Amino acid sequence: MFNVLKLKKSTKITLAASSVLLALPLLTTSFTGKSNLNPMSIAKAEELTYFSKDIALNPGSDESELRFTWYSTVNPEKSIVQIAKKSDMTGNAFPVDKAITFTGAASPAAKVGTTAYYSNKVTITDLEPSTQYVYRVGDGKSENWSPVYNYATQRTDQFSIMFVGDPQIGASGSVPKDEAGWKDTLNKAMVKFPNLSYIMSAGDQVETATNEAHYDAFMSPDVLRSLPVASAVGNHDTSVNYKYHFNQPNESTKYGVTSASGDYYYTYGDALFMVLNTNNTDGAGHVQFMKETAAKVPNAKFKFVTFHHDIYGAGPHSTEALITNLRAALFPTFDELNVDVIFMGHDHSYVRTYVMKGDIPQRNQLIDSKGRVVNPTGSMYITANSASGSKYYELKPTPEVYSEVRSQLKVPTFSTVNVDKHSVSVDTYRTDTMEKVDTWSMVKTSLPMLQGLVEEYSSNGDLNTPLFNQLTNTLKQAEHHLNKGSKKQAVKFMQDFLEHLNNKAMQKNITQSAKDVLADNAQELILYWSAQ
């Protein structure tokens with residue numbers, strides 16, 4: 001962590017400094033990322049007024065937290081976020097008397113020309129689910145607050161994430177073109193899916209790791225003021241500048257460490273998300289990070305991993321030694337930890353693998369009537385194409401044995417990852433027509449999981465006696481026969497379970513949403529046991 005540099009600031013601004021500020025959005029020259037700045041030596045930086053930009057949101061350790069990062073033109077005495085419920089607003093006035101204040105810290109960051117910047121980082125806590133908030137950032141002085149922005153928390157038992165790969169602003173040679181493509185993707189996604197929880201990026205946010213103009217363009221979409229980004233470090237992001245712009249939870253100081261970041265993790269609902277910095281090629285370190293993290297979150301129903309380098313891709317990088325070595329180092333741990341889906345980028349082309357285990361495609365999966373894989377016997381890997389259209393790679397001419405779907409549309413694409421209590425689906429869209437171009441879904445089911453759902457619905461009031469007693473007794477009978485090795489009898493009691501659920505006289509004792517989930521799980525168990 002950098003030490004906060006204390007400077008005396010003036011509230012006046014010189015004409016020259018004003019010109020610098022007005023020109024900031026238009027600058028295209030490279031910044032340098034240095035932590036040992038001496039702002040006193042460059043153009044009287046102490047005479048600049050406070051100015052915030054590149055405000056970014058990142059997920060917290062869990063859904064009750066949110067992390068903020070922004071740049072300021074002077075080193076503040078305090079880095080502050082104020083947040084309040086939107087319902088407390090009167091008109092457009094920020095509800096100061098109802099707001100909660102969170103304080104963080106600033107550190108020296110990048111510089112351009114005569115202007116030095118400071119990276120401000122704050123974490124807020126105790127957010128409530130499904131709640132509309134408003135917030136502003138600054139240093140606590142009334143004249144230095146940012147505009148007021150909106151942020152909405154979502155449900156945690158059923159949620160959707162936007163997954164993107166390689167915006168790589170600047171890769172086409174035209175920053176404005178790439179910025180426009182990136183904005184177009186985000187705007188269209190938010191129109192179609194207004195309740196997204198956050199964005200998950202597989203890396204290469206920018207083309208040049210030390211070019212702050214590229215970061216300005218990446219951070220410019222208004223969507224990013226209300227939608228957090230959980231980013232991985234790409235090979236084009238490998239600079240301390242990345243660390244200045246992102247505020248990651250549970251970041252390791254031991255595993256996956258480069259100047260940009262270390263490995264990190266967070267949870268959301270019943271899901272565990274692990275993010276690896278594969279620019280650090282120590283596979284054993286990533287393996288240890290994942291094992292230690294999984295041990296800390298033992299009750300996660302779903303496990304997801306994101307990193308940049310696609311170990312099962314179809315582009316020109318897919319056969320490089322760095323990639324194949326990384327694959328050999330990581331896939332045994334994905335198998336061991338029962339990771340459900342691995343999300344990657346790097347090859348600027350789309351691939352969805354078969355379910356993989358032991359580096360071998362598992363083609364014979366049990367599929368239900370809705371086309372969902374039931375209790376997959378391995379992990380699925382997905383590589384995203386460019387989310388901005390800044391650069392595309394051609395596919396290798398010979399299809400890979402692991403690729404179930406591979407495409408190069410030469411159109412920006414994004415995916416939604418949809419998670420509920422027992423299923424995951426990944427839907428991929430092209431942004432020119434917003435047509436769904438690929439979909440995959442899975443269901444996880446087991447008797448203990450169904451028993452847990454019954455208990456959960458009972459405790460939160462969605463399921464009442466006497467139906468609760470009937471369902472619980474039926475599940476105990478199914479468990480008894482399952483333990484004796486009689487799946488046929490267990491299936492019979494699961495059919496009784498469904499009859500109890502559909503008994504008209506009992507409908508007042510269960511909510512429709514709970515009934516739908518329990519019925520779906522029971523039907524999947526019947527299918528699963530009958531197929532064995």
Side-chain angles (χ1 to χ4, degrees), residues 57 59-66 127-133 151-164 189-200 226-230 265-273 297 299-306 338-341 343 368-376 380 382 414-429 436 439-446 448-463 471 501 510-525:
L57 313 182
S61 296
D62 60 30
E63 62 273 8
S64 70
E65 290 186 0
L66 185 64
L127 293 170
E128 300 175 13
S130 302
T131 303
Q132 297 273 346
Y133 289 96
Y151 173 69
T153 57
Q154 306 296 333
R155 293 172 56 177
T156 58
D157 60 336
Q158 182 177 332
F159 59 92
S160 295
I161 307 160
M162 182 181 182
F163 169 55
V164 301
M190 284 301 293
V191 168
K192 190 173 183 68
F193 306 104
N195 296 320
L196 290 168
S197 293
Y198 60 93
I199 302 168
M200 191 165 60
S226 60
L227 201 59
V229 178
Y265 75 92
Y266 57 98
T267 62
Y268 196 94
D270 292 328
L272 168 63
F273 296 84
V297 192
N299 297 321
K301 286 184 182 178
F302 299 105
K303 299 185 185 78
F304 304 109
V305 176
T306 308
N338 296 314
V339 174
D340 296 292
V341 186
F343 298 92
D368 70 7
S369 61
K370 298 178 181 179
R372 302 178 297 186
V373 182
V374 181
N375 290 340
M380 192 272 283
I382 184 167
F414 69 92
S415 301
T416 58
V417 184
N418 313 293
V419 183
D420 63 24
K421 286 185 175 295
H422 74 301
S423 69
V424 175
S425 64
V426 182
D427 300 322
T428 301
Y429 299 84
K436 186 189 295 186
T439 186
W440 180 87
S441 55
M442 60 162 279
V443 176
K444 271 190 171 181
T445 187
S446 67
M449 182 179 290
L450 183 53
Q451 290 169 325
L453 286 171
V454 169
E455 293 288 344
E456 180 181 340
Y457 286 133
S458 174
S459 65
N460 64 22
D462 286 333
L463 173 63
L471 297 179
L501 276 178
I510 188 169
T511 63
Q512 187 63 46
S513 60
K515 177 184 174 181
D516 290 344
V517 172
L518 293 178
D520 197 24
N521 269 267
Q523 290 164 351
E524 296 301 323
L525 274 177

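Throughout, numbering of the chain's residues begins at 1 and tracks the sequence. Predicted, not measured: the structure shown is a model, and the values here were computed from it.
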Closer than 3.5 angstrom, by distance alone: can the side chain of [X] be matched with the main-chain N or O of [Y] as a donor-acceptor pair?
{"X": "Thr153", "Y": "Ser130", "answer": "yes"}
{"X": "Asp157", "Y": "Gly269", "answer": "no"}
{"X": "Asp520", "Y": "Asp516", "answer": "no"}
{"X": "Tyr133", "Y": "Glu128", "answer": "yes"}

Once side-chain hydrogen bond (donor to acceptor under 3.5 Å, both in side chains) is applied, do any residues pair with Asp420, and if so which ones, sequence neighbours excluded?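 Per chain and number, Asp420 pairs via side-chain hydrogen bond (donor to acceptor under 3.5 Å, both in side chains) with Ser423.
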
Those residues at least two apart in sequence (or on a different chain) that pass side-chain hydrogen bond (donor to acceptor under 3.5 Å, both in side chains) with Glu456 are Lys421

What residues, two or more places apart in sequence or in another chain, satisfy salt bridge (charged side-chain N to carboxylate O under 4.0 Å, His left out) together with Lys444? Asp340

Determine, step by step, whether Leu227 and Leu57 satisfy the side chain to side chain contact (heavy atoms under 4.5 Å, CB included) criterion, reporting the C-alpha distance in whole Å, the side-chain angles of both residues, the deciding distance to 0.1 Å, and the verdict. CA-CA 7 Å; Leu227 201 59; Leu57 313 182; over 6 Å; no

Is it the case that the ring center of Phe304 lies less than 6.0 angstrom away from the ring center of Phe163?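 Phe163 vs Phe304: aromatic centres not under 6.0 Å.
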
Between Met200 and Val417 the two heavy atoms that sit nearest each other are CE-CG2, 4.4 Å

Heavy-atom closest contact (Leu501 atom, Ala519 atom, distance):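 Closest approach of Leu501 to Ala519: CD1-N, 3.6 Å.
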
Go through the steps to decide whether Tyr457 and Val517 satisfy the test side chain to side chain contact (heavy atoms under 4.5 Å, CB included), and finish with yes or no. CA-CA 10 Å; Tyr457 286 133; Val517 172; 3.4 Å; yes

Measure up the Phe273 and Tyr266 rings against each other and bin them: parallel (under 30°), tilted (30 to 60°), perpendicular (over 60°).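 Answer is parallel, since the angle falls under 30°.
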
Pairwise side-chain contact, Leu450 with Leu518, heavy-atom cut-off 4.5 Å (strictly under):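 Of all side-chain heavy-atom pairs linking Leu518 with Leu450, at least one is under 4.5 Å.
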
Tell me, do Ile382 and Trp440 make a side-chain contact under 4.5 Å, heavy atoms counted? no

One thing to verify: whether Asp368 and Lys370 come together as a salt bridge, which I'm taking to mean a side-chain N less than 4.0 angstrom from a carboxylate O. no

Assess whether side chain to side chain contact (heavy atoms under 4.5 Å, CB included) is satisfied between Tyr429 and Met162, documenting all intermediate values. CA-CA 11 Å; Tyr429 299 84; Met162 182 181 182; over 6 Å; no

Can a donor-acceptor pair be found between the side chains of Asp62 and Thr267 at a distance below 3.5 Å?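 Side-chain D/A pair, Asp62 to Thr267: absent.
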
